[in-house]
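The structure displayed is predicted, hence computed values, not measured ones.
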Amino acid sequence: MLQNELETAIATALLAGKTILKHYAEEFETEQKIGADNRSEPVTIADREASRIIVDGLASAFPDDGILSEEEKDDLELRISKRRVWIIDPIDGTAGFVKKDGDFGVQIGLAEDGVPIVGVVYLPFHDVLSYAVKGEGSSSVINGREPVRITTSDVAVLSEMTLAMSRDHPSSRMARIIEHFAFRGTVRRGSVGLKVGLITDQTCDIYVHPSPRTKLWDTCAPQLILEEAGGRFTDLFGYEIRYDRADLQNRNGILATNGAAHALVVEHLKPLLAEFGRVPFIPNQTASQAQD
């Protein structure tokens with residue numbers, strides 16, 4: 001039913017990936033921009049060119065849909081008036097792109113009534129494409145080979161789980177989480193989509209991101225791919241993440257698991273969140289509320 005949407009998203013992701021790799025192989029300037037959370041973050045010509053490729057391709061194919069891209073101005077009034085919105089991160093992991101560590105990806109998600117229904121994540125440097133359509137499972141294509149279905153692990157004992165986490169030095173809160181759960185091991189990589197992908201290929205079983213700084217474009221596509229592979233994706237408090245809200249930040253952090261022990265992880269996080277002084281942030285506007 002969503003074959004055209006999926007094929008278009010894949011085609012634009014692959015095309016954007018070619019442009020990104022072209023710049024990756026060359027010297028480029030890194031600028032600083034003020035992000036949606038009013039903090040400075042890196043941006044390059046590759047981010048901007050990839051965004052235009054994807055946005056133009058999707059707008060041409062689906063002119064009635066809304067579009068939200070990290071590198072484009074958010075037309076909030078138009079966006080929240082649409083039932084279907086494409087949510088795009090042209091380069092998820094720009095810091096990794098700048099460092100040339102290979103950990104970056106193109107992310108394209110489609111949400112309908114605030115729920116992801118199509119997700120595509122392409123890792124150009126590693127040539128790994130993952131995709132999903134709601135209700136149809138998740139697949140992965142490595143180095144252009146035939147697609148294979150992907151599923152999460154069934155590890156349900158917390159101390160036997162492997163954690164995907166940022167390459168950066170862990171914050172004191174992340175260190176406390178690791179201490180509390182006593183995970184079997186950790187794998188440090190960049191890019192939200194790549195770390196979630198470590199769960200779908202069973203390298204890891206869980207990804208906890210306590211920071212409120214991720215945005216809708218960081219999570220929309222990876223969420224659907226993970227859930228269609230059997231996993232679960234919520235905020236730290238276990239609440240569903242919606243994509244029809246005005247606020248772009250995932251202020252309650254994110255929790256991605258293989259699904260086998262998601263509820264147990266949420267319960268174990270509760271005392272830690274209380275220790276950190278974290279209380280649930282309730283977004284003040286969704287698309288349906290804005291239209292009332």
Side-chain angles (χ1 to χ4, degrees), residues 9 16 31-44 47-48 50-52 54-55 58-59 65-95 104-121 166 190-196 207-227 233-237 239-256 278-291:
E31 304 172 31
Q32 295 294 316
K33 67 175 183 180
I34 300 301
D37 55 4
N38 292 316
R39 296 194 185 188
S40 179
E41 52 191 46
V43 64
T44 71
D47 294 85
R48 296 189 174 109
S51 182
R52 289 316 316 164
I54 299 166
V55 169
L58 294 175
D65 291 349
I67 295 180
L68 172 67
S69 170
E70 179 178 8
E71 304 306 333
E72 313 288 337
K73 181 178 168 56
D74 177 24
D75 187 337
L76 175 60
E77 185 175 353
L78 177 63
R79 173 167 64 85
I80 63 176
S81 72
K82 301 288 188 177
R83 286 193 63 200
R84 299 201 338 169
V85 179
W86 292 93
I87 301 177
I88 304 155
D89 194 341
I91 301 183
D92 175 48
T94 298
F104 54 87
V106 180
Q107 301 190 166
I108 304 174
L110 174 61
E112 183 174 66
D113 295 328
V115 177
I117 59 172
V118 173
V120 171
V121 173
S166 171
S191 162
V192 173
L194 191 153
K195 289 192 284 286
V196 173
Y207 169 42
V208 184
H209 190 89
S211 168
R213 294 197 61 198
T214 67
K215 319 300 188 301
L216 298 184
W217 47 71
D218 293 307
T219 57
C220 184
Q223 174 176 344
L224 182 67
I225 294 169
L226 176 64
E227 290 178 342
F233 198 114
T234 66
D235 68 22
L236 298 174
F237 298 91
Y239 297 123
E240 300 299 326
I241 297 174
R242 295 197 57 85
Y243 294 89
D244 57 353
R245 65 178 195 255
D247 187 13
L248 298 176
Q249 286 185 244
N250 295 315
R251 296 182 186 273
N252 289 332
I254 55 178
L255 171 63
R278 294 285 290 272
V279 295
F281 175 84
I282 308 300
N284 60 7
Q285 188 181 49
T286 65
S288 59
Q289 290 171 335
Q291 292 169 348

Presence of salt bridge, [Y] and [X], under 4.0 angstrom:
| X | Y | result |
| --- | --- | --- |
| Glu71 | Arg52 | no |
| Lys82 | Asp65 | no |
| Glu41 | Lys33 | yes |
| Arg84 | Asp113 | no |
| Arg48 | Glu31 | yes |

Residues Glu72, Ser51; criterion side-chain hydrogen bond (donor to acceptor under 3.5 Å, both in side chains); working and verdict: CA-CA 8 Å; Glu72 313 288 337; Ser51 182; 2.7 Å; yes
Polar side-chain atom of [X] near backbone of [Y] as donor-acceptor pair, under 3.5 Å:
| X | Y | answer |
| --- | --- | --- |
| Asn250 | Asn252 | no |
| Gln107 | Trp217 | yes |
| Arg242 | Asp244 | no |
| Arg251 | Ser211 | no |

Single hit among Val120, Asp89, Ile108, Ile67 for side chain to side chain contact (heavy atoms under 4.5 Å, CB included) with Ile54: Ile108
How long is the straight-line distance from [atom2] of [Y] back to [atom1] of [X], given to the nearest 0.5 Å?
| X | Y | atom1 | atom2 | answer |
| --- | --- | --- | --- | --- |
| Ile80 | Leu68 | CD1 | CG | 12.0 Å |
| Gln223 | Leu226 | CD | CG | 8.0 Å |
| Glu70 | Lys215 | CD | NZ | 7.0 Å |
| Arg213 | Asp37 | CZ | CG | 4.5 Å |

Apply side chain to side chain contact (heavy atoms under 4.5 Å, CB included) to Leu58 and Ile88, showing your working. CA-CA 10 Å; Leu58 294 175; Ile88 304 155; 3.7 Å; yes
Tell me the closest heavy-atom pair linking [X] and [Y], and the distance in Å.
| X | Y | result |
| --- | --- | --- |
| Ala221 | Val121 | CB-CG2, 4.0 Å |
| Pro90 | Val106 | O-CG2, 3.5 Å |
| Val55 | Ser69 | CG2-CB, 3.9 Å |

Do [X] and [Y] have side chains that get closer than 4.5 Å, going by heavy atoms?
| X | Y | answer |
| --- | --- | --- |
| Thr94 | Val43 | no |
| Leu110 | Leu224 | no |
| Phe281 | Asp235 | no |
| Tyr243 | Ile241 | yes |
| Glu77 | Asp75 | yes |
| Phe104 | Ser191 | no |

Run the numbers on Leu248 and Arg79 for side chain to side chain contact (heavy atoms under 4.5 Å, CB included), then give the verdict. CA-CA 12 Å; Leu248 298 176; Arg79 173 167 64 85; 3.4 Å; yes
Apply side chain to side chain contact (heavy atoms under 4.5 Å, CB included) to residues Ile254 and Phe233 and explain how you reach the verdict. CA-CA 7 Å; Ile254 55 178; Phe233 198 114; 4.1 Å; yes
Let's go through Val208 and Leu236 carefully: what are the C-alpha distance in whole Å and the side-chain angles of both, what is the deciding distance for side chain to side chain contact (heavy atoms under 4.5 Å, CB included) to 0.1 Å, and is it a yes or a no? CA-CA 8 Å; Val208 184; Leu236 298 174; 3.9 Å; yes
Cut-off 3.5 Å, side chains only: do Gln32 and Ser40 have a donor facing an acceptor?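 A pair is found: one side chain offers a donor N or O, the other an acceptor, under 3.5 Å apart.
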